[in-house]
Amino acid sequence: MSCCENNIQIKETVRSICAEFNNDPNELIAILHKAQNHFGFLPKEVQNAVADAVKVPASKVYGVVTFYSYFTMVPKGKHPISVCMGTACYVKGAEKVLKELEKELNIKNGQTTSDGRFSMNTLRCIGACGLAPVVMIGDKVYGNVKPEEVKNIIKEYVPNV
Amino acid sequence: MGSVNDLENFRKELASNLKNTEKNKVIIKIAMSTCSIATGSKNILDYFNEAMLKQSSSYRIITTGCTGLCHSEPTVEVKLPGSEPVMFGPVDVKTAEAIINEYIVNGKSVDCVIGRN
Amino acid sequence: MDTKQLKIALRNCGITDPENIEDYISGDGYAALGKCLSENDRKQVIEEIKRSGLRGRGGGGFPTGKKWEFAAAGSDKKYVICNADEGDPGAFMDRSVLEGDPHSVLEAMAICGYAIGSDEGYIYIRAEYPLAIKRLRIAIAQAEEAGLLGENILGSGFSFKIGLKYGAGAFVCGEETALIRSMEGKRGEPVMKPPFPAEKGYMGKPTNVNNVETFANIPAIINKGADWFASIGTEGSKGTKVFALAGKVNNVGLVEVPMGTTLRELIYDIGGGILNGRKFKAVQSGGPSGGCLTEKHLDTPIDYESLKAAGSMMGSGGMIVMDEDDCMVAVAQFYLDFTVEESCGKCVPCREGNKVLYQILNKITHGKGEITDLDKLKNFSEVIKSTSLCGLGQTAPNPVLSTISNFYEEYYDHVVNGKCAAKQCRALIEYRIIGDNCIGCGACKKACPSEAISGEIKQTHLIDQEKCIKCGACIKKCRFNAIVIE
């Protein structure tokens, strides 16, 4: 993650991303997707730089960032965990899996562990309802997850001590 | 393609190629949609790609999208030359091995056959 | 296996290689586009779609041909948009079509472009569908390479290009005016209709928006004819519908059935019945805008009008089956939680009203409900439905209204008797030890994280209800069926 880049570097990177989209304000969402891909999240500095480049008020950029749940202003963990809370997962017990994860990682939904290894959020249906309940860690999808399996799944991402 | 005629001629060519393939080759279709991949279809694809190299039968492996049979993913459909396609699922490496050694090589039936809609 | 299915929109899914355009062409791929360009003028194409009786598969059910006709008027620059912002929790039809047969959607969009006089189309797709995005990109590049998209398609003089736009996780963007604003880089807030997108849409230009499944039907209609399509289905609903069958059903999966198939056929014949032999309780269709139907509705034929009359709706095709272990009040609360989160906040009835509904439901599931709350729920629901700006708010109370009307006794049980029959609402259940069965082994006592269980070895144990946090750890450890939930 490049969260330590200084402000000048941030501006530079944002400027080149915006230029790819001709600094077109209609492409704001595409620009933010790309920026979030690069920085991992969209802090105030990045939003200001985007606003400068595409010549819209920073409030507008902020408005868009906060409107869409895909965009985040806090850094995610190295292994972002998403618990699907779609209806199919809900009726198959996703809530219990979520509770177990919260207990196991000692964080609440929406938070990141203090060592930055895991972050957790819920999302609304990744369209794998056939495998409900579903948990995603990074790009990997875990299907038919039972609360008692949570411990072992987490272990895959923790280096052996 | 510069005209509708070009398209139709191309289609005819492709269709006759396909007919030939179906006549002479074992066709193996492996579903590769988000749900299939989540249940391990990538491993199954790798397995078939590798294991079929050692077989003498000529074959074509086709990756497809969702079969709709989420309850039985990963699914594999095998069509032997001159017979109807048969759908297998859920397939793991062990059943994949049986599909090749029993069904493809000897034409014997294997457990885990599911119907085709 | 099941002959009750009929695949039109899913005709190539699971059959052809989505990353190989030759696989698509070797069937009848792009034949419909070729036919339109060489044999039909624009009006004939629209006429054919109108005659087929195809209606929008995204949920609204508006006649597709009519929509095209509106957009075709005028000679301005126009846009074709494919709505692939599949946000209904519990629905994955669009993802499957895009992952399994992307070319059919591209072909249909080009046909639409030809019919309404547009040279530019966009697919607005969820960023959460990386595989579908990848396959669409490949398909677009292959179609351009083959001269089936781009300038002067098949030498006809007609040009059409397709681009992708990404959603960013906002359910309301499935609403077409919100979707268009999102495509323009704005917050996805809906605007008043009229003007309809057909008059003033993307970039202020006439725009036609159709859903993925709607588009996937188009090439088949052109190839096989409107009469063929119109011969399938019921009086008012022609063709087939794809459903994502999920929840407590044996054969979870994606199915496509002719309109008019009954819910019973869908759940029992195709779905293989209820999981673990449990008892069927309800089926939810239409996502957060739909309703829960019960046993008595199982013989309802699936079409736009019948489902609506029964108190639910077609929706985009999510079909969630629930059994006796699901609490309907909690289910309504689950949907309201979703709507409260996803309301864009622009209009008051939706932003504030749904919050009130959620709070009342929350009160009920926590054992603090009163009988007057049930009337309040109904009244608030009606106001929200009739005064909200867009489809999201207008339909948000449906899960509440349908569960109250179909499961009134369950609500009543919660507020008057303080009971949750499904044993889902923690505040309304108690764990108890049956003295006759308990041998005093102490396993439960050890498992209890809150030290709520007391008792000497070989003596009947007891749960202190004050201390019990209702986690269920004890019941898992007991090997003598001595602990029950009441």
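Chain letters run A, B, ... following the sequence lines, proteins first, then strands; residues in each count from 1.
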Are A:Lys92 and C:Val252 packed together at the side-chain level, in the sense that at least one heavy-atom pair is separated by less than 4.5 angstrom? yes
For the CG atom of A:Asp24 and the CD atom of C:Glu184, what is their distance to the nearest 0.5 Å? 10.5 Å
Per-residue contact mode, C:Leu275 against chain A (heavy atom under 4.5 angstrom): side chain
So what's closer than 4.5 Å to chain C heavy atoms on A:Lys96: side chain, backbone, both or neither? neither
Highest number of heavy-atom pairs under 4.5 Å with chain C: which of A:Cys89, A:Ala88, A:Cys129? A:Cys129
Taking the inter-plane angle between the rings of A:His33 and C:Tyr166 on a 0 to 90° scale, is it parallel (under 30°), tilted (30 to 60°) or perpendicular (over 60°)? perpendicular
Looking at C:Tyr335, C:Phe334, C:Phe338, C:Tyr129, which makes the most heavy-atom pairs under 4.5 Å with chain A? C:Phe334
Interface moiety of C:Ser182 toward chain A, non-hydrogen atoms closer than 4.5 Å: both
Which heavy atom of C:Lys186 sits nearest to which heavy atom of A:Ile29, and what is that distance? O-CD1, 3.8 Å
At a 4.5 Å cut-off on heavy atoms, which part of C:Arg187 comes close to chain A: side chain, backbone, both, or neither? both
Residue A:Thr66 versus chain C: region with a heavy atom under 4.5 Å: side chain
I'd like to know if the side chain of A:Tyr68 and the backbone of C:Gly188 have a donor-acceptor N/O pair within less than 3.5 Å. yes
Ranking C:Met203, C:Glu86, C:Met183, C:Lys476 by heavy-atom pairs under 4.5 Å to chain A gives rank one to C:Met203
Most heavy-atom pairs under 4.5 Å with chain A, out of C:Ala168, C:Pro89, C:Gly90, belong to C:Ala168
Beyond-backbone contact of C:Arg126 with A:Tyr70, side-chain heavy atoms, under 4.5 angstrom: no
Intermediate values then yes/no, side chain to side chain contact (heavy atoms under 4.5 Å, CB included), A:Phe67 and C:Val172: CA-CA 11 Å; A:Phe67 186 84; C:Val172 69; 3.9 Å; yes
Which atoms of C:Cys344 come close to chain A, meaning under 4.5 Å heavy atom to heavy atom: side chain ones, backbone ones, both, or neither? both
Using a cut-off of under 4.5 Å on heavy-atom pairs, state which of A:Val91, A:Leu28, A:Val65, A:Asp139 scores highest against chain C. A:Val91
